[in-house]
Chemist: 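Would you mind keeping the following structure in view while I ask a few things?
Note that this is a predicted model, so its numbers are computed, not measured.
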Amino acid sequence: FAYLLVVMILQDTIKVTRTQESKLSAVDWDNLPFGKVFSDHMLIMDYKDGAWQDPEIMPFGPLSMHPATSVIHYGQSIFEGLKAYRMDGGEIAIFRPDMNAKRFEESCARMCMPVIPEKVFVELTRKFVEIESDWIPTKEGFSLYLRPFLFGTDEYIGIKPSDTYRFVIFACPVGAYYNEPVNVKIEEFYTRASVGGVGRAKTAGNYAAALYPARLGQQKGYHQLVWTDGKTHEYIEESGTMNVMFVIDGVLITPSEETDTILRGITKRSVVEVAKMWGMPVEERQVSVAEVVQAHREGRLTEAFGAGTAATIAHIAKIGYREEDLILPAIETRTFSLKVHAYLDDIKSGKVEDTFGWLSK
Ligand code: PMP
């Protein structure tokens, strides 16, 4: 199947129905809210009778649903988020889609859904971006955010893996996600994911479960929570939709992915790979709250940031810990995170050579 589908995509035989009226000229590029403006088309590929059906690209629009559609009730739903960029010379590049494809495969498996092979995921994404190429902004820092997702579509009340599924890709042109540094709060009661749970899968329920604790944090003035492990709350996991990274004594430290409670972030992986290339010491291991607090007290915590596709790097200005606020060094002093952010941007725009081979052009 994968082979046939890839051949079909490469030979350009996917059915494409173009919109009669593009919405492109109505976009206000100077006021572009994240995730609220949608491009002209979407890609749909259904799964039934034990097989993926032919994919189709069509005008973007609502999906109608039977009220008993299983995903609405039982949450068999996964998604991805990645970006396509317009490079300086006008070429188009998607950043590491193979990594999203691999993570999608893992999410499929964990949620008992039929797997979309990596190559198929990547080729469908590339084809879709080609159709939507006019939607990739040329403005510096802007990109086309891609949202592939898959959900169970059986019209059936009862708990079992769905027999039918729908895979969709749509896109949103976006600017910079966080303009301001973020304030985060270390969460020591609520849990995002527990060992043996679904934290590593990019599944809808993880995000729903986080809403209430996040709201409590927001009411106290924090943008995001820093999740700690569900058992002891002594170890740091991740934050909102970002992995967290610290620079302590000049060492880049980030929670290890060995636990199945943390999403394996592609931005974090890229930051780690760049840091290693620069010869910076990197430690991926358990990171305790106590260690970060102590390092801050002793002036050894020089940088803390979130890493994720939406923001790339979100500097952490303040960490709320119990009744205290740890105020971190001024953003201008954050040598590593500023430099790595600029470097990743430069790879995407083509200003520096893509020595890692991360761009799918
Ligand atoms: N953790 C969570 C829970 C996320 O939703 C995301 C965003 N996908 C990340 C981390 C960062 O992952 P990535 O760098 O692949 O966007």
Chemist: Can you name the nearest heavy-atom pair linking Ile116 to Cys108, along with the distance?
Modeler: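 Minimum heavy-atom contact is N-SG, 4.2 Å.
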Chemist: Give a yes or no on whether the backbone of His296 and the side-chain of Glu298 come within a donor-acceptor separation of less than 3.5 Å.
Modeler: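 Between the backbone of His296 and the side chain of Glu298 there is no qualifying donor-acceptor contact (under 3.5 Å).
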Chemist: Are Val122 and Tyr85 connected, step by step, through hydrophobic side chains (Ile, Leu, Val, Met, Phe, Trp, Tyr) whose heavy atoms are closer than 4.5 Å?
Modeler: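 Val122 and Tyr85: separate clusters.
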Chemist: Taking CD in Glu56 as the centre, count heavy atoms belonging to other residues, nucleotides or ligands within less than 6.0 Å. Is the count above 12?
Modeler: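 Yes, CD of Glu56 has more than 12 neighbouring heavy atoms, counting only those of other groups under 6.0 Å.
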Chemist: Do Glu130 and Lys127 meet the salt-bridge criterion of a basic N to acidic O distance under 4.0 Å?
Modeler: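 Yes, this pair counts.
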Chemist: Are Thr302 and Phe336 close enough, and set up right, to give a side-chain contact (heavy atoms from CB on, under 4.5 Å), and what steps lead you there?
Modeler: CA-CA 10 Å; Thr302 49; Phe336 174 72; over 6 Å; no
Chemist: Should the heavy atoms of other residues, nucleotides or ligands under 6.0 Å from CD of Gln294 be counted, would the total exceed 12?
Modeler: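 Not more than 12 within 6.0 Å, no.
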Chemist: I want to check something: taking the side chain as every heavy atom from C-beta on, are Asp260 and Arg110 in contact at a cut-off of under 4.5 Å?
Modeler: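 The answer is no; the side chains never approach within 4.5 Å.
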Chemist: Please work out whether the ring planes of Tyr212 and Tyr190 are parallel, tilted or perpendicular, with thresholds of 30° and 60°.
Modeler: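 If you compare the ring of Tyr212 with that of Tyr190, the planes turn out perpendicular.
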Chemist: Below 4.0 angstrom, N of the basic side chain to O of the carboxylate: do Lys139 and Asp30 qualify?
Modeler: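 Between Asp30 and Lys139 there is a salt bridge, with a charged N closer than 4.0 Å to a carboxylate O.
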Chemist: Whether the side chain of Arg147 engages the backbone of Ile169 through a donor-acceptor N/O pair (distance < 3.5 Å, no angle test) should be reported.
Modeler: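 Looks like no, no N/O pair under 3.5 Å.
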Chemist: Given side chains that start at C-beta, do those of His73 and Ile157 come closer than 4.5 Å, heavy atoms only?
Modeler: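 Counting from C-beta outward, His73 and Ile157 do come under 4.5 Å.
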Chemist: Is it true that Phe149 and Phe170 have ring centroids separated by less than 6.0 Å?
Modeler: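 Ring-ring flag for Phe149/Phe170: true, centres closer than 6.0 Å.
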Chemist: Check the hydrophobic clustering (I, L, V, M, F, W, Y; side-chain heavy atoms under 4.5 Å; chains of links allowed) and say if Val129 and Val120 are grouped together.
Modeler: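 Val129 and Val120: one cluster.
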Chemist: Check Lys361 with Asp354, please: is the shortest side-chain N to carboxylate O separation under 4.0 Å?
Modeler: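 Salt bridge between Asp354 and Lys361, a charged N being under 4.0 Å from a carboxylate O: no.
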Chemist: Please examine the side chains of Asn243 and Pro255, heavy atoms only from C-beta on, and report whether any two atoms are closer than 4.5 Å.
Modeler: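 No, every pair of side-chain atoms sits at 4.5 Å or beyond.
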Chemist: Taking the side chain as every heavy atom from C-beta outward, state whether Glu238 and Lys268 have any atom pair closer than 4.5 Å.
Modeler: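 Counting from C-beta outward, Glu238 and Lys268 never come under 4.5 Å.
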Chemist: Does some side-chain heavy atom of Thr261 sit less than 4.5 Å from a side-chain heavy atom of Arg192?
Modeler: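 Contact flag for Arg192/Thr261 side chains = no.
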Chemist: Taking NZ, NE, NH1 and NH2 as the nitrogens, is one of them in Asp249 or Arg300 under 4.0 Å from a carboxylate oxygen of the other?
Modeler: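 Salt bridge: yes.
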Chemist: Working note: Gln76 + Ser162, criterion side-chain hydrogen bond (donor to acceptor under 3.5 Å, both in side chains); need CA distance, chi angles, decisive distance, verdict.
Modeler: CA-CA 8 Å; Gln76 233 191 335; Ser162 185; 4.7 Å; no
Chemist: When clusters are formed by joining ILVMFWY residues with side-chain heavy atoms under 4.5 Å apart, either directly or through shared neighbours, do Ile347 and Val271 land in the same one?
Modeler: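 Hydrophobic grouping puts Ile347 with Val271.
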Chemist: Less than 4.0 angstrom from a charged side-chain N to a carboxylate O is my criterion; do Arg322 and Glu188 meet it?
Modeler: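 The answer is yes: the pair qualifies as a salt bridge.
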Chemist: Heavy atoms only: give me the nearest Gly81-Pro148 pair and the separation to one decimal.
Modeler: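 Looking at all heavy atoms of both residues, the shortest contact is N-CD, 4.4 Å.
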Chemist: Do side-chain atoms of Asn206 reach the backbone of Ala193 as a donor and acceptor pair under 3.5 angstrom?
Modeler: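 Between the backbone of Ala193 and the side chain of Asn206 there is no qualifying donor-acceptor contact (under 3.5 Å).
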Chemist: So which atom in Gly152 and which in Met113 form the shortest heavy-atom distance, rounded to 0.1 Å?
Modeler: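 Taking every non-hydrogen atom into account, N-CE, 4.3 Å.
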Chemist: A quick test of your reading: do over 12 heavy atoms of other residues, nucleotides or ligands sit less than 6.0 Å from CD of Glu21?
Modeler: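 Result for CD/Glu21: open.
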Chemist: Should the pair Glu284-Arg269 be classified as a salt bridge under the 4.0 Å nitrogen-to-oxygen rule?
Modeler: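 Here Glu284 pairs with Arg269 in a salt bridge, since their nearest N and O are under 4.0 Å apart.
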Chemist: Within a strict 4.5 Å, meaning less than it, do heavy atoms of the Leu344 and Trp358 side chains meet?
Modeler: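 Yes. Closest side-chain heavy atoms under 4.5 Å.
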Chemist: Counting only heavy atoms not in Lys48, do more than 12 sit closer than 6.0 Å to its NZ atom?
Modeler: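 Count not over threshold, so no.
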Chemist: Over 60° means perpendicular and under 30° means parallel, so classify the ring planes of Phe142 and Trp29, tilted if in between.
Modeler: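 Trp29 vs Phe142 ring planes: tilted.
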Chemist: Give me the atom names and distance for the closest heavy-atom approach of His41 to Arg18.
Modeler: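 Looks like NE2-CA, 3.5 Å.
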Chemist: I'd like to know whether Phe305 forms a side-chain contact (heavy atoms from CB on, under 4.5 Å) with Arg334, so could you lay out the CA-CA distance, the side-chain angles of the two residues, the decisive distance to 0.1 Å, and finally the verdict.
Modeler: CA-CA 10 Å; Phe305 56 95; Arg334 316 260 182 115; 5.6 Å; no
Chemist: Mind checking whether Leu24 and Ile131 sit in one hydrophobic cluster, side chains of I, L, V, M, F, W, Y counted as touching below 4.5 Å?
Modeler: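 Both belong to a single hydrophobic cluster.
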Chemist: Within a reach of under 6.0 Å around CD of Glu353, are more than 12 heavy atoms found that belong to other residues, nucleotides or ligands?
Modeler: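 No, not enclosed.
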Chemist: Can you tell me how far the NZ atom of Lys185 sits from the NE2 atom of His223, to the nearest 0.5 Å?
Modeler: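 Reported to 0.5 Å precision, the distance equals 15.0 Å.
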Chemist: Any idea how Tyr165 and Tyr47 line up, ring-wise: parallel (<30°), tilted (30 to 60°), or perpendicular (>60°)?
Modeler: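 Rings of Tyr165 and Tyr47: perpendicular, as their planes differ by over 60°.
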Chemist: For Phe79, run the ring-ring contact (aromatic ring centres under 6.0 Å, His included) check against Tyr207, Tyr145, Phe151, Phe167 and tell me which one passes.
Modeler: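 Running ring-ring contact (aromatic ring centres under 6.0 Å, His included) over Tyr207, Tyr145, Phe151, Phe167 with Phe79 returns exactly one hit, Tyr207.
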Chemist: For the residue pair Asp154 and Tyr74, confirm or rule out a side-chain donor-acceptor distance under 3.5 Å.
Modeler: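 The answer is no; no qualifying pair exists.
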Chemist: Tell me if a side-chain donor or acceptor on Thr228 pairs with a main-chain N or O of Glu187 at a distance below 3.5 Å.
Modeler: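 Present.
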Chemist: Go through the steps for Arg166 and Val71 under the test side-chain contact (heavy atoms from CB on, under 4.5 Å), then give the verdict.
Modeler: CA-CA 10 Å; Arg166 173 160 280 187; Val71 63; over 6 Å; no
Chemist: Apply the side chain to side chain contact (heavy atoms under 4.5 Å, CB included) test between Lys202 and each candidate in Leu263, Thr241, Asn100, Ile78; give the one that qualifies.
Modeler: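 The passing option is Leu263.
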Chemist: For Ile92 and Leu144: C-alpha separation, side-chain torsions, deciding distance, then whether side-chain contact (heavy atoms from CB on, under 4.5 Å) applies.
Modeler: CA-CA 10 Å; Ile92 294 164; Leu144 187 66; over 6 Å; no
Chemist: May I ask you to test the Phe246-Ile316 pair for a side-chain heavy-atom distance under 4.5 Å?
Modeler: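 Contact flag for Phe246/Ile316 side chains = no.
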Chemist: Verify, without hydrogens or angle tests, whether Glu303 (side chain) and Thr335 (backbone) share a donor-acceptor contact under 3.5 angstrom.
Modeler: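 A pair under 3.5 Å: yes.
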Chemist: Any salt bridge between Lys119 and Glu123, counting N to O under 4.0 Å?
Modeler: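 Yes, Lys119 and Glu123 are salt-bridged.
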Chemist: May I ask whether Val247 and Leu338 are part of the same hydrophobic cluster, defined by side-chain heavy atoms of I, L, V, M, F, W, Y residues being less than 4.5 angstrom apart, directly or through others?
Modeler: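 Different clusters.
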Chemist: Please confirm whether the backbone N or O of Thr164 pairs with a side-chain atom of Thr153, one donor and one acceptor, at under 3.5 Å?
Modeler: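 Here the side-chain-to-backbone pair exists.
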Chemist: Against the six-membered ring of Phe38, is Lys23 placed for a cation-pi contact (under 6.0 Å from the centre, within 45° of the normal)?
Modeler: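 No - Lys23 does not lie over the ring of Phe38 by the 6.0 Å and 45° rule.
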Chemist: Run Asp54 and Lys15 through salt bridge (Lys or Arg N to Asp or Glu O under 4.0 Å) and show every step you take.
Modeler: CA-CA 8 Å; Asp54 288 349; Lys15 184 173 174 204; over 6 Å; no
Chemist: Classify the side-chain pair Glu132/Ser39 by whether it contains a donor and acceptor separated by less than 3.5 Å.
Modeler: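 Yes, a side-chain donor-acceptor pair sits under 3.5 Å.
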Chemist: Would you find a donor on one side and an acceptor on the other, under 3.5 Å apart, between the side chain of Ser194 and the backbone of Gly197?
Modeler: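 Not confirmed, Ser194 side chain does not pair with Gly197 backbone.
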Chemist: Does atom CD of Gln20 have more than 12 heavy-atom neighbours, drawn from other residues, nucleotides or ligands, at distances under 6.0 Å?
Modeler: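 Atom CD in Gln20 is not crowded, with 12 or fewer foreign heavy atoms closer than 6.0 Å.
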Chemist: Salt bridge check, Arg264 against Glu105: does any charged N sit closer than 4.0 Å to a carboxylate O?
Modeler: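 Salt bridge flag = no for Arg264 with Glu105.
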Chemist: Closest heavy-atom contact between Thr191 and Gly230?
Modeler: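 That would be CG2-CA, 3.5 Å.
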Chemist: If we ignore hydrogens and angles and just use 3.5 Å, is the side chain of Glu155 paired with the main-chain N or O of His66 as donor and acceptor?
Modeler: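 A pair under 3.5 Å: no.
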Chemist: Minimum heavy-atom separation for Pro329 and Thr333, please, with both atom names.
Modeler: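 Answer, listing the atom of Pro329 first, then Thr333: CB-OG1, 3.6 Å.
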Chemist: Any heavy-atom pair between the side chains of Gln286 and Asp229 that's under 4.5 Å?
Modeler: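 No - every pair of side-chain heavy atoms lies 4.5 Å or more apart.
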Chemist: Indicate yes or no for a side-chain donor-acceptor contact from Thr254 to the backbone of Val244 under 3.5 Å, with no hydrogens or angles considered.
Modeler: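 Yes; at least one donor-acceptor contact below 3.5 Å.
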